J.: 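The structure follows.
Just so you know, residue 1 is the first one in the sequence shown, and it goes up from there. Both ligands and their constituent atoms are indexed starting at 1 by order of listing. Only a predicted model underlies this, so the values are computations on that prediction, with no experimental measurement involved.
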Amino acid sequence: MSQLSPGFDLWPGRLDAAAQAALLAEVLTAIEAAPLYRPATPRGRPMSVEMTNLGPLGWITDAKGYRYEARHPHTGRPWPPIPQALLALWAELSGDARPPDACLVNLYRPGARMALHQDRDEADFTVPVLSVSLGDTAVFRLGGTRRADPTRSLKLASGDVCRLAGPARLAHHGIDRVLAGSSRLVPGGGRINLTLRRAT
Ligand code: MD6
Ligand code: FE
């Protein structure tokens, strides 16, 4: 594990190839029940990533704003459960005794990106956010708590796990781009990011 700035921890290659494939298979099965969709920002701009969620609560965005909801906005069904492997990873790496209640799934097909943002729709910022990367390598930008703080760029490859905790919990971060073809894990190409949180 390496701490790149206070509260930001990175575990490169934390999941080996077999663990990545097994986790991806579970996520792809869950996506059959809770299809990926392209959300829009509260201002009505379609996002370039496709999203779904796992767990009791899922993060959504629409004209009413950012929030957590118990049901898929298109199917009206509850989100599928969080895979056991992710719950185990959280227990090991989050440093928090309570389990996560939300897992956001982001799919980046070629050209998709994620603007600089803070994860701040959760009730308790003392609980970390844990992120798992699968598939193509992403160019991740990490800043500070204030939007104007300086940023640094680092790569997140398939199997990498990172954590925003403590002084980095409200750090700004985003995905500048994804390096198409850098991995063959995701069918059809691209990158899947899984972020585990406790929303409540
Ligand atoms: C992504 N990640 O890696 C976007 N959020 O595709 C995030 O937005 C993120 O990596 C909170 C904590 C870690 C993250
Ligand atoms: Fe985030």
J.: May I ask you to decide whether Glu69 forms a salt bridge with Lys64, counting only side-chain N to carboxylate O separations under 4.0 Å?
T.: no
J.: How close does the nearest protein non-hydrogen atom get to atom 11 (C) of ligand 1, and which residue and atom is it?
T.: Asp119 OD2, 3.1 Å
J.: If you take the nearest heavy atom of each of His173, Arg197, His117, which one is closest to atom 5 (N) of ligand 1?
T.: His173
J.: If we set the cut-off at 4.0 Å for heavy atoms, which region of Arg163 has an atom near ligand 1: side chain, backbone, both, or neither?
T.: neither
J.: What is the nearest protein non-hydrogen atom to atom 3 (O) of ligand 1, stated with its residue, atom name and distance?
T.: Arg191 NH2, 2.9 Å
J.: With 2.8 Å as the limit, jot down which protein N, O or S atoms are around the Fe ion (ligand 2).
T.: His117 NE2, Asp119 OD1, His173 NE2
J.: What pairs with Pro100 under side-chain contact (heavy atoms from CB on, under 4.5 Å), at least two apart in sequence or on another chain?
T.: Ile82, Leu87, Trp90, Leu196
J.: Just by distance, do the side chain of Asn193 and the backbone of Leu134 share a donor-acceptor pair under 3.5 Å?
T.: no
J.: Could you tell me which atoms of ligand 1, counted from 1 in the order shown, lie closer than 4.0 angstrom to a heavy atom of Leu164?
T.: 11 (C), 12 (C)
J.: Please name the residue in the list Val132, Ile192, Leu185 that meets the side chain to side chain contact (heavy atoms under 4.5 Å, CB included) test with Leu23.
T.: Val132
J.: If we check side chain to side chain donor-acceptor pair (under 3.5 Å) with Arg67, which of these qualifies: Asp62, Asp121, Thr61?
T.: Asp62
J.: Please list the nearest protein heavy atom to atom 6 (O) of ligand 1 with its residue and the distance rounded to 0.1 Å.
T.: Tyr108 OH, 2.4 Å
J.: Ignoring hydrogens and angles, state whether a donor on the side chain of Ser133 or Arg191 is under 3.5 Å from an acceptor on the partner side chain.
T.: yes
J.: What is the nearest protein non-hydrogen atom to atom 10 (O) of ligand 1, stated with its residue, atom name and distance?
T.: Ser131 OG, 3.1 Å
J.: Is it true that the NZ or CZ of Arg169 lies under 6.0 Å from the centre of Phe125's six-membered ring and within 45 degrees of the ring axis?
T.: no
J.: Just by distance, with hydrogens left out, do His117 and His173 show a side-chain donor and acceptor under 3.5 Å apart?
T.: yes
J.: Roughly how far, to the nearest 0.5 Å, is NE2 of His172 from OG1 of Thr151?
T.: 11.0 Å
J.: For ligand 1, which atoms have a heavy atom of Thr195 less than 4.0 angstrom away?
T.: 5 (N), 9 (C), 14 (C)
J.: Tell me the protein heavy atom at minimum distance from atom 2 (N) of ligand 1, and give that distance in Å.
T.: Asn193 OD1, 3.5 Å
J.: Any idea which part of Met114 is under 4.0 Å from ligand 1, heavy-atom wise: side chain, backbone, both or neither?
T.: neither
J.: Would you say CZ of Arg109 has more than 12 non-hydrogen atoms from neighbouring residues, nucleotides or ligands within 6.0 angstrom?
T.: yes
J.: Taking the six-membered ring for Trp, are Phe8 and Phe140 parallel (under 30°), tilted (30 to 60°) or perpendicular (over 60°)?
T.: parallel
